[in-house]
Amino acid sequence: MSTFALVDGNSFYASCERVFRPDLAGRPIIVLSNNDGCVVARSAEAKALGIPAFLPFYQVQQLCRKHRVTVFSSNYALYGDMSRRMMNVLSRFAPVQEIYSIDECFLDVTGITDLDSHGHRIRQAVWQGLGIPTCVGMGSSKTLAKLANHVAKKRPEWNGVFEWDWLNPREADRLLAEFAVGEVWGIGRRIAEKLTLMNIHSALDLKQADPRHIKRKFNVVVERTVAELNGVACLALEDVAPAKQQIISSRSFSRLVRDLPSLSASISHHVARAAEKLRAQGCAAGLIGVSIRTNPFRDLGQYHGYTCVPLVHPSADTLLLNQAAQAALRAIWRKEFSYHKAGVILMDIGPATRQQQDMFSPLPDPKRSRLMAAIDKLNRDFGSGTIKLGAEGLTEDWRMKQEKKSPCYTTRVGDIVQLR
DNA sequence: TCTGGGGTCCTAGGACCC
DNA sequence: TCTGGGGTCCTAGGACCC
């Protein structure tokens, strides 16, 4: 039987900020989403103040001021780099690692005899190497490892490491009964509501539910969750990330945008970002979609324009993709609306080597793929945005709001911390 | 003064075709 | 007179995650 471990950074973004601001030890910290919109991370002290996650910032601004909470805009250059370092440290503790998100990964710890001390060594290594606190949860399925991680976080008596087999079956069930069904990985708000109506309230109730009944009422995904809660691993550890089937780049503007040139520049920017991700997974896209929308929270005329256009050949070429995207944008733009968000989506994604023969249209120029590779390398080596399309524009007043961003301590030379 | 994230996959339903 | 299947593709919206 396999054993999975889930390791994640506690309040990861807030912890990253604190690494470079030791003066904030023990102080409440929150980190905001793009555009300083919502609260996305809270230090333990901020959670204790009752600041909820994912609330718009302006709704908790008073509370933050009152308790002198330190507020940061999100600094993805910093978190991304800290994440790479953390994953690197964690990779030493298992033969197989699946990076699941920026702050968490699964490890295959099957066959390790002393899981307790292994878990504590993991925590210590990340703490010593990066100064980030972590928790480790272990179990015989990914879903149980996730839940074990939850236990490690919520119950200080376990010192940040928990494994289900340390309890006898009766004790384990008693603990499962203490978790609401909505806390189980894969069970969101809507499914939790439906389960509650079926008298399934806790993780234990779901574990003991009839899988066939669950499959009938929901789908195979929820059925799998039931099996996973029973210790039957249905979800394998994905050592290499599977190629994405769709790639989205989208963002809200810092202010409402009316004019076509600004929209056009932002679409060019999203095409460049999405195409870069596409090339990173060695793929080409056959379809590109463009979406522009008004602000649904405002009492103004509402409009969501969306269309997608097929490409003659599947492509990963930013310039070709951008031509298609700009045509799509012109087709959906209506001058009477003020726009709040724009984005592109790449679909019909397949390996870049896939090439259909077409008598009537010329094949793409091989020089262009070398150009794209050169652009990617420059942006990788010298920071993203080092080289970009002229079409992305030089006026950037619509770009996102980041009024409280910390320095890029680890990725920009001028921002390196200096000791005095 | 005003402020509300971003990304991925799944599914239901409609259109169309044989 | 009335009825009638099943597959594929596409899209919008739903659901989930962090």
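First the proteins, then the strands, lettered A, B, ... as listed; each starts at 1. Since the model is a prediction, treat every value here as computed from it, not as a measurement. In what follows, every heavy atom counts, from backbone to side chain, and hydrogens, waters and symmetry copies are set aside.
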Inset, instruction - Dump the intermediate steps for side-chain hydrogen bond (donor to acceptor under 3.5 Å, both in side chains) on A:Glu228 and A:Thr225, then the final yes or no. - result: CA-CA 5 Å; A:Glu228 288 242 320; A:Thr225 301; over 6 Å; no
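In this structure, A:Ile187 reaches the sugar-phosphate backbone alone: every heavy-atom distance under 4.0 Å involves primed, P, OP1 or OP2 atoms, never a base. Residue-level contact check: A:Ile102 touches neither bases nor backbone, having no heavy atom under 4.0 Å from any strand. Among the atoms of the strands shown, only primed sugar atoms or phosphate atoms (P, OP1, OP2) are found under 4.0 Å from some heavy atom of A:Gly186. Across all strands, A:Asn219 comes closer than 4.0 Å only to sugar-phosphate atoms, never to a base (heavy-atom distances).
With sequence neighbours left out, the salt bridge (charged side-chain N to carboxylate O under 4.0 Å, His left out) criterion links A:Asp239 to no other residue.
Ring planes of A:Phe93 and A:His118: perpendicular class, angle over 60° (limits at 30 and 60°). Ring-plane geometry between A:Tyr303 and A:Phe337 is classed as parallel, the angle between the planes falling under 30 degrees on a 0 to 90 degree scale with a further cut at 60.
Running 5' to 3' along DNA chain C, contacts with non-hydrogen atoms of chain A at under 4.0 Å begin and end at C:dT11 to C:dC18.
For A:Phe72 and A:Tyr79, the distance between ring centers is not under 6.0 angstrom. When ring centroids are compared, A:Trp164 and A:Phe4 stay outside the 6.0 Å threshold.
Under a 3.5 Å cut-off, the side chain of A:Asp348 and the backbone N or O of A:Leu287 do not form any donor-acceptor pair.
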Legend entry - Secondary-structure string, 5' to 3', Watson-Crick or G-U under 3.5 Å, | for another-strand partners, for DNA chain B: ....||||||||||||||
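DNA chain B is contacted by both A:Ala243 and A:Lys401; A:Lys401 maps to the nucleotide lying nearer its 5′ end (nearest heavy atom per residue). Ranked by how close their nearest DNA chain B nucleotide is to the 5' end, A:Asn34 and A:Pro242 are led by A:Asn34.
Contacts between residues 51-84 of chain A and DNA chain B, defined by a heavy-atom separation below 4.0 Å, involve A:Phe54, A:Pro56, A:Tyr58, listed by number.
Annotation: side chain of A:Asp205 is not in contact with side chain of A:Asn199 (no heavy-atom distance under 4.5 Å).
The ring pair (Phe, Tyr, Trp, His ring centres under 6.0 Å) pairs that include a residue from residues 39-66 of chain A number zero, where partners must be two or more places apart or lie in different chains. Within the structure, every pair that satisfies the side-chain hydrogen bond (donor to acceptor under 3.5 Å, both in side chains) test and touches residues 281-294 of chain A, not counting sequence neighbours, is listed here: A:Ser291-A:His304, A:Thr294-A:Gln302.
Under the 3.5 Å distance criterion, with hydrogens and angles disregarded, no donor-acceptor pair is assigned to the side chains of A:Glu403 and A:Ser73.
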